[in-house]
Amino acid sequence: MQDENHIIAERRAKLAEWRRSGQAYPNDFARQNTAGKIADLYDARTRDELADSPVEVSVAGRIMLKRVMGKASFITIQDLSGRLQVYVSRDQVDETTYDAFRRWDIGDIVGAVGTLFRTRTDELTVRCTEIRLLAKSLRPLPEKFHGLTDQEQKYRMRYLDLITNEQTRFTFAVRSRIVQSIRSHMVAHGFLEVETPMMHPIPGGATARPFATHHNALDMNLFLRIAPELYLKRLVVGGLEKVFEINRNFRNEGISPRHNPEFTMMEFYEAYSDYRQLMDFTEGLIRHSAREALASECFEYQGRTLDLGRPFARLTIVEAIRRSHPGYGVAQLGDPEWLRDRLRALAVDPPHGAGLGALQLLLFEETTEADLWDPTFIVDYPAEVSPLARRSDRDPEIAERFELYIAGREIANGFSELNDPEDQAARFLEQARAKEAGDEEAMYYDADYLRALEYGLPPTGGCGIGIDRLVMLLTDSPNIRDVILFPQMRPE
RNA sequence: GGGUUGGUAGCUCAGUCGGUAGAGCAGUGGACUUUUAAUCCAUUGGUCGAGGGUUCGAGUCCCUCCCGACCCA
């Protein structure tokens, strides 16, 4: 940790001196206006109009730029809404204040009262009659022109990134709008927002390794949830026919540009719906959030155009593979031996028990997934890798399941829910066997969930949407850490 | 785990063939009553990621390690 250097020492000395003059951290300054609001309201006023009918404002913010001249100075302050120039002259504020002001630093928080005017270059500016130091900043800000560029520092000290980088502020404002748009869309469609446990006695609803913790009073092991799915479906059993939850999931796995150990998911369930209707709804929801957040369905992602306005494609796994690799024949893709050879050639070791569908899926993930730039629903997942999804009536080896890919990334995963308690029991048994055979990601046998299913889950469709990944798309962010305020980092 | 690339002042970065460690910003002192990344003059500030080696001499060359970033798995 870079610490006490001469700059900090000088600022501490200034603070010590400032304390002697009274309350160094006052909280009685009444801010009445923000920079953005002032620009909205008065940017159209001419110099003469401002002179003829003076507008008094009271603003506050952080000093970002400072231009001190002999007896008059300019500072640029920044608040949540933007920047504003403030003019401080010895004629308007008293001499003591002006002399003190000259010693304030970039990064300090100030409050200013005055009237609006236009400078020679026509910039809307506050002519101060009063200026106060509200909070001393002891640490120097990053270089004022380049800002903070070190990626690691941006993640570790997000506040500094937010102070200095407008793009970062924009990204998180858009994130908020996206979440808000999803929430309002769900509510408008009659869904009930719920909160289900984050601590699960049995981690379920996904295939992933959990974080473990312990409840002392109950002397009981608990797991941070890897998915809310099984609880949300219990609610549908309970008659809450349309529910959704926007919340964190935790998966004890690797960190990558697309993976953070905790990430945000929106899951929703609708009784008497199925995976086909879910695809329609999901498509509409994603389009809606793009429109609300960006005012457009068409935008650039990493230098390439993404158009969410056009209908999303729907392809089976085999169709998708053949589209991006026309050299692979239908017969080959239906031949487990050929698939195994192919995968091994790609340095993938297929699990022993993997069936045809699982092998096709592995090949898809290996060769095709990353090429799916335009929004594409991949359908007909193998039942063996979909232990909570309903089997297809036309082929019991296939589940009524889809995943949505955009820009080469999985954004959503949904299916017709498995509501046959006996089939579910059989699938849990299969998972339990796989776990015993060493598959750490396999699911646990969840008797409590089965009991709920035995009371009767109506035919239901459910879907999860990765919020972080959606935000990445809509903010043109290459790394999931860019859309999570405090991403997980290695200890310093 | 592999590849590429980086770690030099608080920040952003230069540093040539191995020969006394630099600039801009920030800071400090001074000038300046309409500046715009203000300007002008002066100036403080360095364990060059760590350790070892080669050498008369290492920020620079060699070896090992640590910590990042990006790409791949």
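In the text below, chain A, chain B and the rest are named by the order of the sequence lines, each starting its count at 1.
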For a quick check of understanding: with a heavy-atom distance under 4.0 Å over all strands, which category does [X] fall into, base, sugar-phosphate or nothing?
{"X": "Ile7(A)", "result": "base"}
{"X": "Lys154(A)", "result": "nothing"}
{"X": "Thr119(A)", "result": "base"}
{"X": "Arg47(A)", "result": "nothing"}

Using whole Å, report how far [atom1] of [X] lies from [atom2] of [N].
{"X": "Asp161(A)", "N": "U12(B)", "atom1": "CG", "atom2": "P", "value": "12 Å"}
{"X": "Asp91(A)", "N": "U34(B)", "atom1": "CG", "atom2": "C1'", "value": "13 Å"}
{"X": "His146(A)", "N": "G10(B)", "atom1": "NE2", "atom2": "C1'", "value": "16 Å"}
{"X": "Leu124(A)", "N": "U34(B)", "atom1": "CG", "atom2": "C1'", "value": "14 Å"}
{"X": "Leu160(A)", "N": "G10(B)", "atom1": "CG", "atom2": "P", "value": "15 Å"}
{"X": "Leu65(A)", "N": "C25(B)", "atom1": "CG", "atom2": "C1'", "value": "11 Å"}
{"X": "Phe145(A)", "N": "G10(B)", "atom1": "CZ", "atom2": "P", "value": "22 Å"}
{"X": "Lys66(A)", "N": "C25(B)", "atom1": "NZ", "atom2": "P", "value": "15 Å"}

Is Arg248(A) salt-bridged to Glu262(A), cutoff N-O under 4.0 Å?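 Salt bridge between Arg248(A) and Glu262(A), a charged N being under 4.0 Å from a carboxylate O: yes.
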
Note: Glu17(A)-Arg103(A) ion pair, threshold 4.0 Å (strictly below): yes

Strictly by salt bridge (charged side-chain N to carboxylate O under 4.0 Å, His left out), give each pair with a member in residues 77-87 of chain A just once, sequence neighbours left out. Arg31(A)-Asp79(A)

Salt bridge (charged side-chain N to carboxylate O under 4.0 Å, His left out) contacts touching residues 49-67 of chain A (sequence neighbours left out): none

Look at the side-chain N and O atoms of [X] and state whether any lies under 4.0 Å from the OP1 or OP2 oxygen of [N].
{"X": "Arg90(A)", "N": "U33(B)", "value": "no"}
{"X": "Lys144(A)", "N": "A26(B)", "value": "yes"}
{"X": "Arg103(A)", "N": "G29(B)", "value": "yes"}
{"X": "Arg67(A)", "N": "U35(B)", "value": "no"}

Side chain of [X] (C-beta onward), nearest among [options]:
{"X": "Glu143(A)", "options": "C25(B), U35(B), C32(B)", "value": "C25(B)"}
{"X": "His6(A)", "options": "U44(B), C11(B), C32(B)", "value": "U44(B)"}
{"X": "Ala72(A)", "options": "U12(B), U33(B), U34(B)", "value": "U33(B)"}
{"X": "Asn5(A)", "options": "U35(B), G10(B), U12(B)", "value": "G10(B)"}

Mind checking the [atom1] distance from [N] to [M]? Whole angstroms is fine.
{"N": "G18(B)", "M": "G53(B)", "atom1": "C1'", "result": "15 Å"}
{"N": "G6(B)", "M": "C17(B)", "atom1": "P", "result": "16 Å"}
{"N": "G68(B)", "M": "U35(B)", "atom1": "C1'", "result": "39 Å"}
{"N": "C11(B)", "M": "A73(B)", "atom1": "P", "result": "35 Å"}
{"N": "A58(B)", "M": "C67(B)", "atom1": "P", "result": "28 Å"}
{"N": "U44(B)", "M": "G2(B)", "atom1": "P", "result": "47 Å"}
{"N": "C48(B)", "M": "G59(B)", "atom1": "P", "result": "8 Å"}
{"N": "A26(B)", "M": "U54(B)", "atom1": "P", "result": "45 Å"}

On a plain distance test, is the side chain of Gln85(A) in donor-acceptor contact with the base of U35(B) below 3.5 Å? yes

Test for a donor-acceptor pair under 3.5 Å between the base of U34(B) and the side chain of Arg127(A), counting only N and O atoms. yes

Take Asp122(A) and Ser89(A), find for each the nucleotide of RNA chain B with the closest heavy atom, and name the residue whose nucleotide sits nearer the 5' end. Ser89(A)

For C41(B), does the glycosidic angle fall within 90° of 0 (syn) or outside that (anti)?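 With its glycosidic angle more than 90° from zero, C41(B) counts as anti.
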
Can you tell if the side chain of Leu141(A) reaches within under 4.5 Å of the side chain of Leu160(A), non-hydrogen atoms only? yes

Arg481(A): what forms a side chain to side chain donor-acceptor pair (under 3.5 Å) with it, not counting sequence neighbours?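 So Arg481(A) forms no side chain to side chain donor-acceptor pair (under 3.5 Å) with any residue.
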
Considering residues at least two apart in sequence or located in another chain, which fulfil the side chain to side chain donor-acceptor pair (under 3.5 Å) criterion with Asp161(A)?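 With sequence neighbours excluded, Asp161(A) shows a side chain to side chain donor-acceptor pair (under 3.5 Å) to Lys154(A), Arg158(A), Asn165(A), Thr168(A), given in chain and number order.
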
Table please: side-chain donor-acceptor pairs of residues 341-357 of chain A below 3.5 Å, with sequence neighbours left out.
| from | atom 1 | to | atom 2 | distance (Å) |
| --- | --- | --- | --- | --- |
| Arg342(A) | NE | Tyr328(A) | OH | 3.3 |

Return a table of donor-acceptor pairs under 3.5 angstrom between the side chains of residues 105-116 of chain A and protein atoms on other chains or two or more places apart.
| from | atom 1 | to | atom 2 | distance (Å) |
| --- | --- | --- | --- | --- |
| Asp105(A) | OD1 | Lys14(A) | NZ | 2.7 |
| Asp105(A) | OD2 | Lys14(A) | NZ | 3.0 |
| Asp105(A) | OD2 | Lys136(A) | NZ | 2.6 |
| Asp108(A) | OD1 | Lys136(A) | NZ | 3.4 |
| Asp108(A) | OD1 | Ser137(A) | N | 2.9 |
| Asp108(A) | OD2 | Asp105(A) | N | 2.8 |
| Asp108(A) | OD2 | Lys136(A) | NZ | 2.8 |

Distances under 3.5 Å between nitrogen or oxygen atoms of protein and nucleotides 68-73 of chain B:
| from | atom 1 | to | atom 2 | distance (Å) |
| --- | --- | --- | --- | --- |
| G68(B) | OP1 | Arg490(A) | NE | 2.9 |
| G68(B) | OP2 | Arg490(A) | NE | 3.4 |
| A69(B) | OP1 | Arg481(A) | NH1 | 3.1 |

Contiguous Watson-Crick or G-U pair runs (3 or more, under 3.5 Å) in RNA chain B: B:1-7 with B:66-72, B:10-13 with B:22-25, B:27-31 with B:39-43, B:49-53 with B:61-65

Pairwise distance OG(Ser386(A)) to CD1(Ile398(A)) - rounded to 0.5 angstrom: 8.5 Å

Return yes if a side-chain donor-acceptor contact under 3.5 Å exists between Asp476(A) and Gln302(A), otherwise no. yes

Would you mind writing out the side-chain donor-acceptor pairs for residues 408-415 of chain A within the sub-3.5 Å range, not counting sequence neighbours?
| from | atom 1 | to | atom 2 | distance (Å) |
| --- | --- | --- | --- | --- |
| Arg409(A) | NH1 | Tyr301(A) | OH | 2.9 |
| Arg409(A) | NH2 | Tyr301(A) | OH | 3.1 |
| Asn413(A) | OD1 | Arg401(A) | NE | 3.0 |

